[in-house]
J.: 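Please see the structure below; I have some questions.
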Amino acid sequence: MSTDAQENYRDTVAQSLADPRAFWGEAAGLIDWITPPTQVLDETNPPFYRWFTGGRLNVCYNALDRHVVHGRADQVALIYDSPVAGSKARYTYAQLLDLVARFAGVLRDLGVTQGDRVVIYMPMVPEAVIAMLACARIGAVHSVVFGGFAPAELAARIEDAAPRVVVCASCGVEPSRVVPYKPMLDEAIERSAHKPEHCVVLQREQLTAELGERDLDWKQVMHPDAVAPAEVVPVEATHPLYVLYTSGTTGKPKGIVRDSAGYAVALRWSMTNLYGVQPGETWLCGSDVGWVVGHSYIVYAPLLAGATTILFEGKPVGTPDAGVYWRMIQEHGVVAAFTAPTAIRAIKKQDPRGELIGDYDLAPLRALFLAGERLDPDTWRWATEHLGVPVIDNWWQTETGWPIAINPLGPDGATFEIKPGSPTLPTAGYDVQVLDEKGEPVPAGTEGAICLRLPLPPGTLPTLWQDDERYVSSYLSTFEGYYLSGDGGFVDEDGYVYVMGRTDDVLNVAGHRLSTGSLEEALAGHPSVAECAVIGVSDALKGQVPRALVVLKAGIELDDAGREQLQAELVQRVRAEVGAVAALRQVDVVDALPKTRSGKILRKTMRQLADGQEAMVPSTIEDRSVLDALEQVLRGR
Ligand SMILES: CCC(=O)SCCNC(=O)CCNC(=O)[C@H](O)C(C)(C)COP(=O)(O)OP(=O)(O)OC[C@H]1O[C@@H](n2cnc3c(N)ncnc32)[C@H](O)[C@@H]1OP(=O)(O)O
């Protein structure tokens with residue numbers, strides 16, 4: 001660990017905060033512009049800050065065409081590795097560009113123009129990446145919906161985004177079953193008030209879908225005789241590249257807007273300066289294109305950097321075993337990998353001594369990055385001990401699009417000492433402050449609400465899709481001049497950030513962000529349920545799993561068999577309404593829920609009891625005996 005590198009990085013971050021215009025103005029040179037920006041940071045309409053105004057560019061051009069023009073045409077851009085489909089494929093930059101330009105032509109011929117939305121509901125297949133980049137090419141706004149979401153969640157997103165076209169696959173392939181996607185899309189469109197004009201369906205051999213009137217077959221429309229490639233459409237720097245829905249505390253998802261230029265600049269900068277990956281190198285990000293990590297670090301950042309990215313359709317274990325990541329690292333010559341702590345916990349459970357690691361040559365690997373949930377010290381220690389490379393935590397959110405805090409990887413490894421449990425230091429552009437309830441900064445080591453002083457750096461959300469008001473009320477209204485992250489934690493004397501968990505009721509199940517509100521809505525729709533609460537409790541594998549408590553309607557009496565039947569129905573209901581990914585397994589029928597006098601359910605207190613922690617009971621509790629009666633239920637799992 002060189003002290004020069006540490007000083008340089010601290011200087012970089014200090015400069016990015018002291019003079020963001022100079023800092024990001026210089027970083028803007030990392031991408032190609034059609035028209036350079038006239039202003040680096042536009043602060044004329046706070047709290048709505050805009051980056052690189054006046055500039056015009058195309059993100060697809062920067063991710064593909066530029067590399068073809070500059071000598072990377074024959075370099076592999078994308079490796080598809082699917083143990084579940086038994087399939088592998090490699091696409092050079094030239095081949096990927098050809099497919100993307102053709103699919104952009106398909107969308108154009110279907111009437112999609114700049115600013116139109118296109119929903120993409122696909123598993124981890126190359127066509128998902130092709131569809132995303134094709135949208136970017138013609139200035140359409142993509143909105144990718146994770147395949148593990150059920151029709152109701154998909155419907156909510158279709159209704160909000162109002163897409164002209166939906167792109168979907170006939171099915172996904174999970175280790176234990178083939179998941180029919182097309183019927184779920186049909187049901188979602190049925191439920192949604194907005195109806196897309198067309199659906200382009202990729203027929204997969206594992207299960208083909210029946211096509212209806214509005215449906216088109218991907219292979220047919222992509223035939224070179226059927227479509228002419230589309231040219232790049234220049235867009236404004238602030239033009240939305242995509243909308244990605246994320247869970248808030250209520251059932252209605254938030255449409256995180258991502259601008260074009262700020263995102264391209266920040267991601268390109270991060271790939272080399274934070275993750276230490278150079279053009280031409282191979283990178284593995286084991287996430288899903290339905291999540292922000294997939295958007296940023298499977299698709300956009302590695303391609304913007306001219307690297308080779310791997311699209312992995314499989315699981316860290318069981319496809320076929322806990323050595324699949326190590327196999328890919330060896331086979332594809334991966335220099336840095338990125339996944340969620342849950343994935344490492346799953347691997348550790350199956351291969352506690354890390355024996356499968358020894359079966360592969362991991363010599364090219366320089367680091368493993370982990371994010372998506374808190375990296376517990378045990379998991380960090382296991383991975384560090386068995387991999388022999390720096391294991392680097394990084395903290396960020398769907399909203400920010402790229403790391404808020406990380407230990408940057410330099411040529412000599414991690415730049416700073418790793419302190420287990422901390423994602424290390426704030427990144428360039430992020431002014432991290434921990435505030436107390438009154439909005440005052442707390443001393444080092446004291447827990448509070450982790451906030452970011454405005455303006456946020458490029459690449460972060462400029463607003464919510466068609467909902468400026470919700471953007472302000474959700475993130476900016478608690479403490480004036482700050483973005484409220486929703487995560488709580490502290491900063492130590494060395495400036496290291498520690499993120500301890502959500503301060504609101506958002507769940508994080510195996511790195512998947514889910515809303516308690518949408519699970520509760522699903523449960524509350526059952527005819528026997530009067531009211532309910534969902535809490536996230538600690539889980540050794542998934543970090544957190546949901547647990548539901550339901551109160552029955554007056555007059556409903558159930559014996560043991562009746563309760564079991566109801567519990568099974570409620571689990572099934574959440575699966576059908578939210579999706580299998582919610583992983584609700586435990587439902588308890590209780591007499592009442594603990595509340596404050598103003599009617600707020602005490603989810604945090606219940607969560608503390610369920611996790612065996614000391615429960616903080618607010619003085620405003622309405623009836624203490626309700627909580628006492630629940631204590632045994634919650635403590636005994
Ligand atoms: C890097 C930071 C991030 O991006 S975090 C977001 C992504 N997170 C990860 O990639 C974490 C890695 N985690 C995993 O691979 C799994 O959660 C592990 C730990 C292996 C556990 O596997 P499993 O028990 O099957 O849980 P799961 O969460 O994968 O799935 C739960 C149920 O949902 C289903 N599901 C999941 N994905 C999809 C999908 N794309 N399309 C359709 N269904 C999906 C799974 O099949 C599973 O269903 P079931 O309950 O087994 O019937």
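In listed order, ligands and their atoms are each counted from 1.
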J.: Any heavy atom of Arg575 sitting closer than 4.0 Å to ligand 1?
T.: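 Yes; Arg575 lies near enough to ligand 1 that a heavy-atom distance drops under 4.0 Å.
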
J.: Taking only non-hydrogen atoms of Ala371, do any sit less than 4.0 angstrom from ligand 1?
T.: yes

J.: Ignoring hydrogens, tell whether any protein atom lies closer than 4.0 Å to atom 43 (N) of ligand 1; use the non-hydrogen atoms only.
T.: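 Under 4.0 Å from atom 43 (N) of ligand 1, at least one protein heavy atom found.
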
J.: Looking only at distances, please establish whether an N/O atom of ligand 1 is found under 3.5 Å from an N/O atom of Val581.
T.: yes

J.: Taking the six-membered ring of Tyr300, is the NZ or CZ of Arg258 close enough (under 6.0 Å from the centre) and on axis enough (within 45°)?
T.: no

J.: Should you measure from each heavy atom of Gly286, which atoms of ligand 1 turn up under 4.0 Å away?
T.: 10 (O)

J.: Out of Val178, Val545, Thr342, who gets a non-hydrogen atom closest to atom 13 (N) of ligand 1?
T.: Thr342

J.: Before signing off on this row, confirm whether Ser176 and ligand 1 have an N or O atom pair separated by under 3.5 Å.
T.: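 No; the residue has no nitrogen or oxygen that sits under 3.5 Å from a nitrogen or oxygen of the ligand.
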
J.: Ring-plane angle category for His142 and Tyr242, please: parallel below 30°, perpendicular beyond 60°, tilted otherwise.
T.: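 Geometry flag for Tyr242 against His142: parallel rings.
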
J.: Applying ring pair (Phe, Tyr, Trp, His ring centres under 6.0 Å), name anything that partners Phe416, two or more places apart in sequence or on another chain.
T.: Tyr9

J.: Any idea which of His295, Arg177, Met122 brings a heavy atom closest to atom 49 (P) of ligand 1?
T.: Arg177

J.: Quick one: does Lys542 get within less than 4.0 Å of ligand 1, heavy atoms only?
T.: yes

J.: Hey, is Tyr297 one of the residues with a heavy atom under 4.0 angstrom from ligand 1?
T.: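 Per 4.0 Å heavy-atom rule, Tyr297 does not contact ligand 1.
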
J.: Could you tell me whether atom 7 (C) of ligand 1 has a protein heavy atom closer than 4.0 Å?
T.: yes

J.: Does the protein place any heavy atom closer than 4.0 Å to atom 18 (C) of ligand 1?
T.: no

